[in-house]
Enquirer: 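This structure is in structure tokens; I'll ask about it shortly.
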Amino acid sequence: MQFPTACVLCECNCGLEVELGGEGNRHLVKLRGDKRHPASRGYACEKAHRLDHYQNGRDRLLMPQRRRPDGMFESIDWDTAIREVSARFAKVRDTYGGDTIFYYGGGGQGNHLPGAYATATRRVLGSRYRSSALAQEKTGEFWVNDRMMGTMTRADFEHCDVALFLGKNPWHSHSIPRARVTLKEISADPARTLIVIDPRRTETADLADVHLAVKPGKDAFLLAAILGVLVAEDLTDHAFIAAHTEGWDAVVTVLRQVNIADYAARAGIAEAEVRRVARLIGRARAFASFEDLGVQMNHHSTLVSYLHKLLVFATGSFGKQGTHYVPTGLIEFASGASGKKSPVVGAPIISGLVPCNQIANEILTDHPKRYRAMLVEAANPAHSLADSAHTREALRALDTLVVIDVAMTETAALADYVLPASTQYEKAEATFFNFDFPENTFQLRPRLLPAPDGPLPEAEIHARICMEMGALTDADLAPLREAAKLGRMAYAQVLMMTVLPDPRLAPLAPIILYRTMALPDDAREGAVLFGLCVKFAMEHGPSLARAGFTGNPLEAGDALFTAMLERPWGVVFAKDEWSDVMPRVRKPDNKIALHLPDLLEVLSRLPIEAAQLSDAAFPFVLSAGERRAFTANTIIRDPTWRKKDGDGALRIHPDDAAVLSVTTGDSVRLTTKRGTATVTVELSDTMQRGHVSLPNGLGLGYPDEGGRKTTGVAPNELTRAEDRDPFVGTPWHKHVAARVERV
Ligand SMILES: Nc1nc2c(c(=O)[nH]1)N[C@H]1C(S)=C(S)[C@@H](COP(=O)(O)OP(=O)(O)OC[C@H]3O[C@@H](n4cnc5c(=O)[nH]c(N)nc54)[C@H](O)[C@@H]3O)O[C@H]1N2
Ligand SMILES: Nc1nc2c(c(=O)[nH]1)N[C@H]1C(S)=C(S)[C@@H](COP(=O)(O)OP(=O)(O)OC[C@H]3O[C@@H](n4cnc5c(=O)[nH]c(N)nc54)[C@H](O)[C@@H]3O)O[C@H]1N2
Ligand code: SF4
Ligand SMILES: [Mo]
């Protein structure tokens with residue numbers, strides 16, 4: 001039997017058909033791309049075939065763990081765990097205020113439902129501050145987008161004629177549906193052009209028509225030079241700029257001052273190549289582009305995000321097929337700055353998230369509003385945040401650390417309580433990372449196999465905590481349970497009349513739905529989606545109707561939810577028109593705001609700023625955390641899942657290796673301002689001289705004969721929290737000053 005589910009190793013969540021087998025029928029033995037999935041349409045990369053290493057990891061947690069006074073963990077039963085965890089949080093809340101309880105995580109690449117249920121727990125705890133990995137990658141882009149458009153954009157690579165990947169290697173990291181198919185199509189078509197800006201000759205660059213091997217960290221110069229050419233050679237879209245934007249004149253004034261030859265040289269690219277690329281982009285029929293970690297975790301990251309957007313808008317590459325669009329999401333999760341600041345260091349909160357690089361600083365202080373307790377769910381900050389040693393110290397300094405995870409992670413190892421979650425194949429799950437256009441899809445994956453005795457789905461854990469803390473009683477739930485027996489419409493009406501208008505109950509709606517809805521057992525954790533479907537129907541009726549879900553919001557939302565249950569391989573929930581895009585710009589008269597004075601100011605003094613960032617004592621630039629064939633954050637902990645690059649080698653140019661007299665397989669000492677590590681090298685002429693790279697997701701401990709063995713280097717043992725963007729605090733993980741020495 002083949003069951004529909006999805007791959008959980010990257011945000012694409014390709015639809016899969018899976019056959020179970022092996023011991024107890026608990027192994028994912030045969031996996032293949034599911035043709036019925038509306039976005040991935042049968043596509044899957046090589047990683048999906050290794051998913052059983054996730055489902056059947058050896059460091060799986062089966063019982064709640066409590067730290068004993070001697071520092072060791074002991075197993076406890078769930079009643080004790082829920083009682084004690086609730087009491088510990090209540091004590092922190094009642095003594096110091098709920099705003100000292102910090103929430104981190106809420107989802108990973110394949111699971112976003114925990115975060116939806118956690119909103120209830122956060123409310124009960126009075127917790128106000130939170131963060132997730134987005135605040136160390138995407139918040140710069142969110143901030144720029146919000147100021148320019150009040151919303152976000154994505155790009156239509158399937159229909160573009162010129163594609164640009166900026167600091168992004170979709171061959172391995174994906175992030176767009178069926179990435180390799182699309183890349184190969186663009187590459188093979190003589191009428192289409194693939195441009196890659198990356199210091200390394202990546203697998204994507206190998207397919208490209210133009211590869212600009214920018215000097216690490218110099219993208220701001222390169223983009224400024226490209227924009228300078230667009231202006232100097234009059235390659236901009238005057239009609240678009242006049243009709244749909246504000247503030248171009250101020251931008252042009254600065255762009256005219258860009259010394260194109262000098263900036264191209266600083267970026268390490270021949271001026272003629274810069275001009276060629278500017279012309280390709282300026283004359284494109286449909287230009288689509290994507291920026292990612294290579295620039296978002298690098299010097300001048302917010303400035304680069306801004307320049308990148310200017311490139312899109314100056315060429316009118318927005319709102320028509322093959323260009324950029326504003327997707328219709330089931331929920332909206334990206335927003336800008338609220339003006340709210342973090343309580344201790346006053347860091348800007350973007351999209352509701354405290355910058356990751358400031359979290360430890362918010363704890364390691366005697367400030368009265370320091371975070372005292374933390375709930376971490378589906379994330380591994382002790383490994384993924386900058387400066388692991390500093391993060392560990394901060395996590396240890398908390399009164400209470402509770403971790404909800406499937407495995408004994410680096411973060412769980414520091415916790416006071418670890419609550420074992422069922423895996424993503426042992427409960428219903430979904431993600432909200434669906435951004436396609438004009439049709440957007442959503443997959444509610446039903447449970448594939450039962451959880452073993454012990455672990456619980458997060459929905460259940462949050463429900464128990466909320467009930468234990470007295471926020472919700474059986475009396476509150478009784479009317480809904482009764483209504484559920486009468487069918488979904490009757491149920492929805494009681495929900496609308498009794499729960500939503502009640503300020504005490506409304507924030508607990510996710511838990512109430514989970515506890516009272518009549519649902520098939522294998523989709524129970526999907527309950528929260530019912531509320532989201534109805535909310536979506538209220539806000540996006542026309543998109544939903546075009547996708548075939550009609551009626552009043554309750555009927556249309558219910559029809560969508562029903563379709564999710566009936567089509568577990570995925571549903572098209574929104575159909576849009578390209579003409580819908582422009583009106584989605586949430587600015588006066590729907591006009592895009594091109595003039596961001598603070599960022600333009602940085603641009604005008606770029607050479608001075610850049611000079612301050614170099615450091616002669618460290619001749620190498622380390623990209624700490626590259627995506628490779630067998631990396632998937634820290635989702636799979638078993639090192640044998642990797643078919644190649646088992647230890648996660650340090651890639652280095654052969655000429656640099658020759659100077660050091662080392663070759664592939666040798667060990668070198670890698671030193672940064674933060675730490676030092678011994679690592680195996682791999683010679684690779686895809687690297688530039690002076691640039692070395694380490695993969696992400698390595699350096700994990702895993703049970704081995706006679707103890708735990710760590711494989712590879714954890715990148716954040718080598719990074720510093722202060723190396724971050726001055727505006728929004730995103731880290732510079734792709735640009736770590738380093739030294740490499742022979743051992
Ligand atoms: N296989 C795999 N896929 C993944 C993941 C994974 O762990 N493994 N993780 C997922 C996640 S969470 C994310 S956020 C995405 C990230 O996806 P990507 O951003 O594509 O991933 P990276 O490999 O970290 O960085 C991309 C590129 O930036 C380049 N780069 C380094 N320095 C510079 C620079 O100065 N300028 C420019 N222009 N480029 C530079 C690197 O050479 C690299 O090719 O991947 C997702 N997909
Ligand atoms: N130096 C450096 N640091 C980086 C990066 C880099 O490129 N370089 N990349 C950054 C980026 S882009 C990202 S996205 C982050 C990723 O880092 P994190 O956001 O910390 O997340 P993951 O490593 O994906 O860890 C996911 C966790 O979820 C657990 N898990 C899996 N399934 C379930 C489940 O069903 N329920 C629960 N409760 N837990 C589950 C896994 O065991 C794992 O512990 O790392 C960031 N850190
Ligand atoms: S790793 Fe990403 S691209 Fe590969 S199969 Fe899984 S979800 Fe799809
Ligand atoms: Mo990420």
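No hydrogens, no waters, no symmetry mates; every other heavy atom, side chains included, goes into these values. Every number for a ligand or one of its atoms is a count from 1 in the order of the listing.
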Enquirer: Ignoring hydrogens, just give me the one of Asn633, Leu718, Ile636, Leu293 whose non-hydrogen atom is nearest atom 16 (C) of ligand 2.
Expert: Asn633

Enquirer: I'd like to check which ligand 2 atoms, numbered from 1 as shown, lie under 4.0 Å from a non-hydrogen atom of Ser422.
Expert: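 By the 4.0 Å cutoff, the relevant atoms are 35 (O).
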
Enquirer: Answer with yes or no whether Met297 contacts ligand 2, where contact means a heavy atom under 4.0 Å from a ligand atom.
Expert: yes

Enquirer: Answer with yes or no whether His383 contacts ligand 2, where contact means a heavy atom under 4.0 Å from a ligand atom.
Expert: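 Checking ligand 2 against His383, which is what was asked, there is no heavy-atom contact under 4.0 Å.
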
Enquirer: Verify the ring-centre separation between Phe165 and Phe157: is it less than 6.0 angstrom?
Expert: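 Between Phe157 and Phe165, the centre distance is under 6.0 Å.
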
Enquirer: Could you pull out, from Ala378, Gly697, Ala407, Gly108, the option with a heavy atom nearest to atom 26 (C) of ligand 2?
Expert: Ala378

Enquirer: Which option wins on minimum heavy-atom distance to atom 8 (N) of ligand 2: Pro715, Ala624, Pro455?
Expert: Ala624

Enquirer: Does the cation-pi check pass for Arg724 over Trp732, that is, NZ or CZ under 6.0 Å from the six-membered ring centre and within 45° of its axis?
Expert: no

Enquirer: Quick check: does Tyr54 get an N/O under 3.5 Å from an N/O on ligand 2?
Expert: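 In this structure, Tyr54 places an N or O atom under 3.5 Å from an N or O of ligand 2.
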
Enquirer: For the 3.5 Å polar cut-off, considering only N or O atoms, please tell me whether Glu377 and ligand 2 meet it.
Expert: no

Enquirer: Run down the list Thr730, Ile635, Asn716 and name the one with the heavy atom closest to atom 1 (N) of ligand 2.
Expert: Asn716

Enquirer: What protein N/O/S atoms are found closer than 2.8 Å to atom 6 (Fe) of ligand 3?
Expert: Cys7 SG

Enquirer: Could you work out, for atom 18 (P) of ligand 2, the closest of Cys356, Ser384, Pro695 by heavy-atom distance?
Expert: Ser384

Enquirer: With Leu293, which of Arg627, Lys168, Gln136 fulfils side chain to side chain contact (heavy atoms under 4.5 Å, CB included)?
Expert: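 Filter result, single survivor: Arg627.
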
Enquirer: Could you give me the CA-CA distance, side-chain angles and deciding distance for Asn169 and Asp198, then say whether side-chain hydrogen bond (donor to acceptor under 3.5 Å, both in side chains) is met?
Expert: CA-CA 8 Å; Asn169 181 15; Asp198 196 308; over 6 Å; no

Enquirer: Given the ring of Phe618, does Arg739 sit roughly above its face, with NZ or CZ under 6.0 Å from the centre of the six-membered ring and within 45° of the axis?
Expert: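 Yes, cation above the ring, under 6.0 Å and within 45°.
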
Enquirer: Taking the side chain as every heavy atom from C-beta outward, state whether Glu17 and Pro4 have any pair of such atoms under 4.5 Å apart.
Expert: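 No, side chains not in contact.
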
Enquirer: At a non-hydrogen distance cut-off of under 4.0 Å, which region of Thr634 contacts ligand 2 (side chain, backbone, both, or neither)?
Expert: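 Both parts.
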
Enquirer: Identify the residue among Asp59, Asp704, Asp405 that makes a salt bridge (charged side-chain N to carboxylate O under 4.0 Å, His left out) with Arg637.
Expert: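 Going through the options one by one, the only one that passes is Asp59.
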
Enquirer: Step by step, work out the side-chain hydrogen bond (donor to acceptor under 3.5 Å, both in side chains) result for Thr711 and Asp647.
Expert: CA-CA 6 Å; Thr711 306; Asp647 296 337; 5.5 Å; no

Enquirer: Any chance the rings of Tyr43 and His37 have centres within less than 6.0 Å?
Expert: no

Enquirer: Can Glu426 and Arg60 be counted as an ion pair, charged N to O under 4.0 angstrom?
Expert: yes

Enquirer: Given Cys10, Ala133, Gly105, identify the one with the heavy atom nearest to atom 15 (C) of ligand 2.
Expert: Ala133

Enquirer: For the residue pair Tyr371 and Tyr129, categorise the inter-ring angle as parallel (less than 30°), tilted (30 to 60°) or perpendicular (more than 60°).
Expert: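 Tilted, since the angle between the ring planes falls between 30° and 60°.
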
Enquirer: Say whether Gln424, considering both its backbone and side-chain N or O atoms, lies within less than 3.5 Å of an N or O atom on ligand 2.
Expert: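 Yes; at least one N/O pair falls below 3.5 Å.
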
Enquirer: Might you point out which heavy atoms bring Ala738 and Leu670 nearest each other, and give the distance in Å?
Expert: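 So the minimum-distance heavy-atom pair works out to CB-CD1, 4.0 Å.
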
Enquirer: More than 12 non-hydrogen atoms from neighbouring residues, nucleotides or ligands closer than 6.0 Å to CG on Asp615, yes or no?
Expert: yes

Enquirer: Counting only heavy atoms, tell me which of Glu410, Gln55, Arg627, Glu626 gets closest to atom 7 (O) of ligand 2.
Expert: Arg627

Enquirer: Answer yes or no for Arg36 and Trp569: cation-pi contact, defined as NZ/CZ to six-membered ring centre under 6.0 Å and angle to ring axis within 45°.
Expert: yes

Enquirer: Looking at Tyr103, I'd like to know if the NZ or CZ of Arg122 sits under 6.0 Å from its six-membered ring centre while staying within 45 degrees of the ring's axis.
Expert: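 Checked: cation-pi criterion met.
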
Enquirer: Would you say Thr423 has any N or O atom under 3.5 Å from an N or O of ligand 2, going by distance alone?
Expert: no

Enquirer: Tell me whether ligand 2 is touched by Lys427 - counting only heavy atoms on the residue side and a distance under 4.0 Å.
Expert: yes

Enquirer: Using a plain distance cutoff, I'd like to know if Gln109 has any nitrogen or oxygen under 3.5 Å from a nitrogen or oxygen of ligand 2.
Expert: no

Enquirer: Given Asp405, Thr411, Asn380, which one has a non-hydrogen atom that is nearest to atom 44 (O) of ligand 2?
Expert: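 Looking at heavy atoms only, Asp405 sits closest to atom 44 (O) of ligand 2.
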
